[in-house]
Amino acid sequence: MAMEVEKLDENEWQTKLRQLNESGHKELVVKRNFGHDGQNTLAEMARQHGLHFHAYNKGKSLVFSKVPLPDYRADLDERHGSAQKEINMSTETERRVENLLAKSIGTSGIIGSSSTSSPTSSQGSKQSLPNMVTTDGESRARLGVPKEKFSLELRDMQISKKSTPSARAMQSFREKLPAYKVKEEFLKAVADNQVLVVSGETGCGKTTQLPQFILEEEVSHLRGADCNIICTQPRRISAISVAARIASERGENLGETVGYQIRLEAKRSAQTRLLFCTTGVLLRRLVQEPDLGGVSHLLVDEIHERGMNEDFLIIILRDLLPRRPDLRLILMSATINADLFSKYFENAPTIHIPGLTFPVAEMFLEDVLEKTHYKIVSETDNFVGGSRRRRQLSSKSDPLTEMFEDVDINNQFKSYSISTRQSLEAWSGAQLDLGLVEATIEYICRNEGDGAILVFLTGWDEISKLLEKIKANTLLGNSSRFLVLPLHGSMPTVNQREIFDRPPSNMRKIVLATNIAESSITIDDVVYVIDCGKAKETSYDALNKLACLLPSWISKASAHQRRGRAGRVQPGVCYRLYPKLVHEAMLQYQLPEILRTPLQELCLNIKSLQLGAVATFLAKALQPPDHLAVQNAIELLKTIGALDEIEELTPLGHHLCMLPLDPNIGKMLLMGSIFQCLDPALTIASALAHRDPFVLPINRKEEADSAKRSFAGDSCSDHIALLKAFDTWKDAKRSGRARDFCWQNFLSPMTLQMMDDMRGQFLDLLSDIGFVDKAKGIKAYNHYGHDMEMISAILCAGLYPNVILCKKRGKRTAFYSKDVGKVDIHPASVNAGVHLFPLPYLVYSEKVKTTSIYIRDSTNISEYALLLFGGTLKPSKTGEDITMLGGYLHFSAPKSVIQLIQRLRGELDRLLQRKIEEPRLDVYSEGKGVVTAAVELLHS
DNA sequence: GAGCACTGC
């Protein structure tokens, strides 16, 4: 049935594909694992042939299959062994569940509830959210101050604040910024055009000055009371810091005329005329106010970053502009792709502002090699006749690396030394040479002037290895002369002051960082940047429904941004550890996030904003996502019951729209509130939605590992570990020991605090949509909050269809998922290294392909959790089998047991349906019998 | 037997 080949070169694909297409073969088995790029190449070609292939790993081979996924069953035995699970229910359990169920059917009154439309739920979804941006253009008027008077007040205040000596000093500083030179041109363009694109390099003052120009202009023309300027920022930190900066430039306190609003935090008042908020906050506001009533000017900053929120917002705004002719839209971008946005908005005029940073010299690999005399040695050079072309076959390579391998080094680099040319011959873009990084750092320290060094690396591993190399280095290892600091989003050092502070004068600071230092964290005193040219980047493989996190070449735009990090205080130097030819071949910009991410949450938001059919709407994007990615998202939303067959929101979908969460996590939260597990559901949802509170220290990772495991106990669950860690932190906090507790248990206090705040927000939202009555307190919804089986069932209800089969293979266990076949447990999971699981399945919240396909966090669950809280059950004709997940999960049992399970499940579903349609229904008392029967079964 | 880019509601 399968065609087999060893490895294919690019031209052979075409032929093989055609053969596969025309033949009766079902699969193409490629024996070499040639990596993700190869898969995508084939996928692309297949699409051109009008075929969709499904790829999965099978041992060391990669299999491409024509078989559509629902027809999985036939292949199951061959690939996974038998996936059939026998349900062994004791007659005692059967009898008890039977009794509980019989009782409940008599009393609960839940039979015959068949309404499908829901007036109550749609009412619920129109209720207002707390922490929402509210229109307050008229708020002062409402407070009794007439508009005209308020405008006068604002103007007089602006005049008086400008006359103080400190304000004059501030003004002269502002006048030196490049943005000041375009002030009149800018204000005229804003007055004359509905849309304007402003491009400018960092340091030109566009973010701090342009919104301020508008504010000053409006206030001085006595339009202050009517103006309502919003400026969006992609990150929380920048929303706060820019607002604070502008308030101080105006000589005001933050929260007066200038304020900010980010999730769970705001500083603003009725006077506020200029508000900085994150893009996410504005998108939430659009749910309530599709026309942005009351907003006079909207500035969208950093659109060149092409974040998902910003791309999404821009589609909505383009449609909104005709309905709001008085609204002014200003898009702010880096220079590099301003034209793209101008074209998108019917050739809107653009204004360019030159930058004001110090010049940064740049060097490429060839120059770095000349200076450092470092010799790159290829691993395969030791073999006789190891030509460069041959080496490429042995390593996973990418187009840029391959391109350079075809370059005639001696010809192209005539003017360079022989040693450099040899090194260039040996260089491979596939692997970073840490020795070269070390040599470059050493060169700077020996030969260049003072100033901090910032090294861009791809991840934890490289940072850790380089740190060790530096420690062992005879010069750099001297800790009284060199301060070497790792900087990684998951390391506990991120907020330590020494990263930002200037070191003592005889000491040089060397920061080893990931992408985090590209835009999120700014270190002012950097003079030297060393750039490895790569970053770990997410991508989304729509064919296999798989998120990937793989190192790849950065774009020219990112390289430019990294270089700029060296010129903030004085002229700097950027050492690029890749050849100039590679730099020239880099993509202009990074692929926008909307093309690199699963889209379920975005699709849900599109539905909640009533923007029409998802695919039609997304086709209007600057760069529309792949059709298959959209289909996957819609299908998932249907699977979890958020969308119906005609892609309309179900009552459940309406509720999920109100929760700022991934739909799966939102569902888990709702299920937790319904089934008396509110407290754990709040905690787990906030951790999954925000970030993992466990940090990864560089030297003590074994200790960190065991701390996490001790929280999990014998639960076989990362989610329980999160829960226990959070609860223990709360206790420690109450007794004033939070700081020590976090340090000893490798937890991030900031993340835990954020989780705590988010729990509060979720509780408010659940209360708004009627699922809980806040006045009664969490305890009233937490009867099973300490019941592990019930918590696992809730996790299953929320995380489905993210299910993994655990299959015993001798002393070990192997893991399989429906979409990609064999997967591994991530080594940071508490389930890594567990050989025998008490229960046959795992549910997970994240599956990511890195060096392998890993399940990052998982919880071991029983067949009953799946049968009662998983996907739709499909009984077989014989009545002795039930399947789920398109036949992937298969259960068998005696007829009576199957019938019992179906009846119980039916009652549970009806109860749930009624609750979703009438959120205020008291499930705990009305459906007590059904719930107790379910709990009984989960415990058996 | 071995690993964790970064945001945001």
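Per chain, numbering begins at 1; letters A, B, ... match sequence-line order.
Between A/Phe771 and A/His655, the ring planes are perpendicular. Angles over 60° get that label, and only those under 30° would be called parallel.
Atoms CD (A/Glu310) and P (B/dG8) sit 10 Å apart, rounded to a whole Å. The CD1 atom of A/Ile240 sits 13 Å away from the C1' atom of B/dG8 (whole-angstrom rounding). Rounding to whole angstrom units, NZ of residue A/Lys708 and P of B/dC4 are separated by 13 Å. At whole-Å resolution of the value, CZ in A/Phe815 and C1' in B/dG1 are 12 Å apart. Rounded to an integer number of Å, the gap from CD of A/Gln233 to P of B/dC9 is 12 Å. Between the C1' atom of B/dC4 and the CG atom of A/Asp718 lies a distance of 13 Å, rounded to the nearest Å. B/dG1 atom C1' lies 13 Å from atom CG of A/Asp705, rounded to whole Å. Residue A/Gln600 contributes atom CD, which lies 19 Å from atom P of B/dC9 at whole-angstrom precision.
A/Arg565 meets the side-chain hydrogen bond (donor to acceptor under 3.5 Å, both in side chains) test with A/Thr522; sequence neighbours excluded. With sequence neighbours excluded, no residue forms a side-chain hydrogen bond (donor to acceptor under 3.5 Å, both in side chains) with A/Thr813. With sequence neighbours left out, A/Arg709 forms a side-chain hydrogen bond (donor to acceptor under 3.5 Å, both in side chains) with no residue at all. Here A/Arg245 pairs with A/Glu249 under the side-chain hydrogen bond (donor to acceptor under 3.5 Å, both in side chains) rule; sequence neighbours left out.
Within the 4.0 angstrom heavy-atom criterion, no nucleotide atom of any strand lies near A/Glu518. Residue contacts for A/Leu283: at a heavy-atom cut-off of 4.0 Å it reaches no nucleic acid atom on any strand shown.
In terms of position on DNA chain B, the residue among A/Asn309 and A/Pro827 whose nearest nucleotide sits closer to the 5' end is A/Pro827.
Base orientation of B/dC6: anti (glycosidic angle beyond 90° from 0).
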What N/O pairs connect the protein and nucleotides 5-7 of chain B at under 3.5 Å? Give each pair on its own line.
| residue | atom | partner | partner atom | Å |
| --- | --- | --- | --- | --- |
| B/dA5 | OP1 | A/Lys536 | NZ | 2.4 |
| B/dA5 | OP2 | A/Trp460 | N | 3.3 |
| B/dA5 | OP2 | A/His488 | NE2 | 2.1 |
| B/dC6 | OP1 | A/Gly489 | N | 2.4 |
| B/dC6 | OP1 | A/Thr514 | OG1 | 3.4 |
| B/dT7 | OP2 | A/Arg691 | NH2 | 3.1 |

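A/Asp461 and A/Lys465 are joined by a salt bridge, as a carboxylate oxygen and a charged side-chain nitrogen come within less than 4.0 angstrom of each other.
The list of side-chain hydrogen bond (donor to acceptor under 3.5 Å, both in side chains) pairs with a residue in residues 232-242 of chain A, not counting sequence neighbours, reads A/Gln233-A/Asp301, A/Arg235-A/Glu305.
Taking only side-chain nitrogens and oxygens, A/Tyr854 never comes nearer than 4.0 Å to OP1 or OP2 of B/dC4. OP1 or OP2 of B/dA2 has not a single side-chain nitrogen or oxygen of A/Thr851 nearer than 4.0 Å.
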